[in-house]
Amino acid sequence: MNLARLKGYSFELGPIRPPSEGNDHSLLLRATRNCPWNRCQFCNVYKGKRFGYRSVEEVKQDIDIVRALADEIKATSWRLGYGGRVNDEVVRAIVRGNPEIYGTDFADSEVLRARLGSLVNVAGWLSSGARTVFLQDADTLIMRTPELVEVTQYLKEAFPSTQRVTSYARAKTCAQRSVDELKELQQAGLSRLHVGLESGYDEVLQEMQKGVTQQEHIEGGRKVVQSGISLSEYVMPGLGGKRWSQRHALETAKALSQINPDYIRIRSLVVRRGSPLYDKLKQGEFHQLTEDEVIDEIGLLIENLDCNSYLVSDQMSNLLWEIEGKLPQDKPSLLKRIAEYKAMLPSERLLFTLKRRLGSYVAVYGRLDQGLNQKVEEAFEGIQKGLPEAEAKVDEAISALKDGFV
Ligand code: SF4
């Protein structure tokens, strides 16, 4: 294998990327490690992990490793008669043919996992045309602008097929950059930023320790839009709990209408184990919305949006993932779908909700373990027999399913 000149056979991979980048099999490159803020109450992704910059040289070396892996994958494909196409057989042949790298001995399983993860990521990216790249982790824009420009240019030169380079950024960091800096990044090839707006309501932002105000959200978002970088804003229905549900929806709609991002992505709140909010929930300090109340909140948000964004619900946390369309023209059909859901009989709605949540879980994990399966079966039985405790059983089953949501 022609990677012998390199120290390792893997490049760094961070823990998450947006669902859209998964669908597109984006190449994942870690430009910084973890989150420089790391205080949001609902987030467990980087808790206990220290933020770190990576040097430009380190990131470039990862890009070199990707290139070497890509060359090896393509050469293997030709050798096996697939004419450069990448499939599972090609990946398997590389793994089997290089036991000294992908190993039969699992002495250091972490190293092995990293090598396999890197190989699979590059193979998936090549098989989808090597068009999209996602820079990890939580706030790539925090890099010094000339350094991020250098990394992006190096990446585009290394892989001329790249059509889209995207990353996460905090709104506060966007607000701290000048439009000229953002334009420079756009010209270097940074094409989209994913920003977690979560809420436009200052009380919620403060309670959740988001570290940003509505005004900073608007300022940061507008600068990105002005620079020509495509902007995805993530909103989190349910984050205000019962206390602030209405204001959360209305103020979020107000902020988004002023930003006018390219995409609004709905990511309904799932209170995750390991997040400070989970402890507050268990201690009775946070009162979660029901599934129906979250849908009402999404309806109120959509009603009050006055922008030209494309609204998407492409995350497993959402019950109605079909809520998707271009604003303002699709607003009536989005609200119609919500009205249809609300018009169901209570028992129909319970059944629908349980099936949806179960479907999302199975799509990721394939099947349920014994305990979870029992909960779900009891919930179905409760609905079918019209038992008085049916709703409680469904709630219990859904909470258990959501515990596994990613
Ligand atoms: S900024 Fe993002 S990654 Fe960091 S703690 Fe908040 S939600 Fe989590």
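Atoms within each ligand, like the ligands themselves, are counted from 1 in listed order. Values reported hereafter were calculated over all heavy atoms of this structure, with side chains retained and with hydrogens, waters and symmetry mates removed.
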| query | Taking side chain as C-beta onward, heavy atoms only, is Y341 less than 4.5 Å from D292? | reply | yes

| Centroid-to-centroid, F134 to W125, below 6.0 Å? | no

| query | Does F286 have K280 sitting over its ring (NZ/CZ under 6.0 Å from centre, angle to axis within 45°)? | reply | no

List, one per line, each side-chain donor-acceptor pair under 3.5 Å for residues 229-239, sequence neighbours excluded.
residue : atom : partner : partner atom : Å
S230    : OG   : R192    : NE           : 3.1
S232    : OG   : R265    : NH1          : 2.6
Y234    : OH   : H194    : ND1          : 3.0

| remark: Within the 2.8 Å cut-off the protein N, O or S neighbours of atom 4 (Fe) of ligand 1 are C35 SG

| query | Is the closest basic N to carboxylate O distance between D296 and K342 below 4.0 Å? | reply | yes

| note | Heavy atoms of L354 and V376 approach each other most closely as CD2-O, 4.3 Å

| said: Starting from atom 2 (Fe) of ligand 1, what is the nearest protein heavy atom, named by residue and atom, and what distance separates them? | reply: K210 NZ, 4.2 Å

